[in-house]
Amino acid sequence: QVHLVESGGGLVQAGGSLRLSCAASGGTSSKYHMAWFRQAPGKEREFVAAISRSGGIIYYADSVKGRFTISRDNAKIAVVLQMNTLKAEDTAAYYCAAREAAYMDAPRYESGVYDWWGQGTQVTVSS
């Protein structure tokens with residue numbers, strides 16, 4: 001059982017930055033693909049970014065490409081999402097997710113394949 005805890009959300013003005021962190025316990029974070037998803041009120045949960053076990057394969061949603069950066073530290077915090085040039089449409093609850101995967105596998109976009117989820121952290125961008 002892997003326990004994920006997100007932190008770093010908050011209120012920021014448009015154009016600002018936030019850094020979300022996801023700490024993992026109960027497992028070995030290096031065994032897992034890690035991803036971030038988000039869900040705005042009244043909308044479905046959507047993919048934001050994902051990173052492979054090695055950190056060598058990274059995917060981003062088109063809406064965040066060039067503004068967000070996902071990275072991982074298998075020795076400490078499981079995964080970090082650096083969010084720059086934030087927009088009002090980035091407002092959502094952000095969730096960290098993990099799935100056990102083979103070392104050479106590419107990460108996945110689909111939320112349904114992730115086995116463990118954090119409780120979420122709220123990001124609010126004021127325009």
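- The backbone N or O of D105 sits less than 3.5 Å from a side-chain atom of H33, completing a donor-acceptor pair.
- You'll find the side chain of V80 stays beyond 4.5 Å of the side chain of I70, heavy atoms only.
- Remark: side-chain polar atoms of Y59 are not paired, donor with acceptor, to backbone N or O of S52 under 3.5 angstrom.
- Minimum heavy-atom separation, L18 to L86: N-CD1, 3.8 Å.
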Test ring pair (Phe, Tyr, Trp, His ring centres under 6.0 Å) applied to F37 and W117, step by step: CA-CA 10 Å; F37 291 80; W117 293 83; 5.1 Å; yes

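- For R38 and Y94, the side-chain atoms include at least one donor-acceptor pair closer than 3.5 Å.
- Cluster annotation: L81 is not connected to F47 through the hydrophobic network of ILVMFWY side chains, with a link wherever side-chain heavy atoms come within less than 4.5 Å.
- With hydrogens and angles ignored, the 3.5 Å screen pairs a side-chain donor or acceptor of T91 with a backbone N or O of V125.
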Side chain to side chain contact (heavy atoms under 4.5 Å, CB included) between V2 and S25, worked out: CA-CA 6 Å; V2 177; S25 61; over 6 Å; no

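- With hydrogens and angles ignored, the 3.5 Å screen pairs a side-chain donor or acceptor of E6 with a backbone N or O of C96.
- Side-chain contact between R99 and R108 is present, with heavy atoms from C-beta onward closer than 4.5 Å.
- Figure legend: R45 and Y95 shown as a cation-pi pair, the cationic atom lying under 6.0 angstrom from the six-membered ring centre and within 45 degrees of its axis.
- With contacts defined as side-chain heavy-atom distances shorter than 4.5 Å, the pair M34/R53 does not qualify.
- In this structure, the side chains of Y32 and W116 come closer than 4.5 Å at one or more pairs of heavy atoms.
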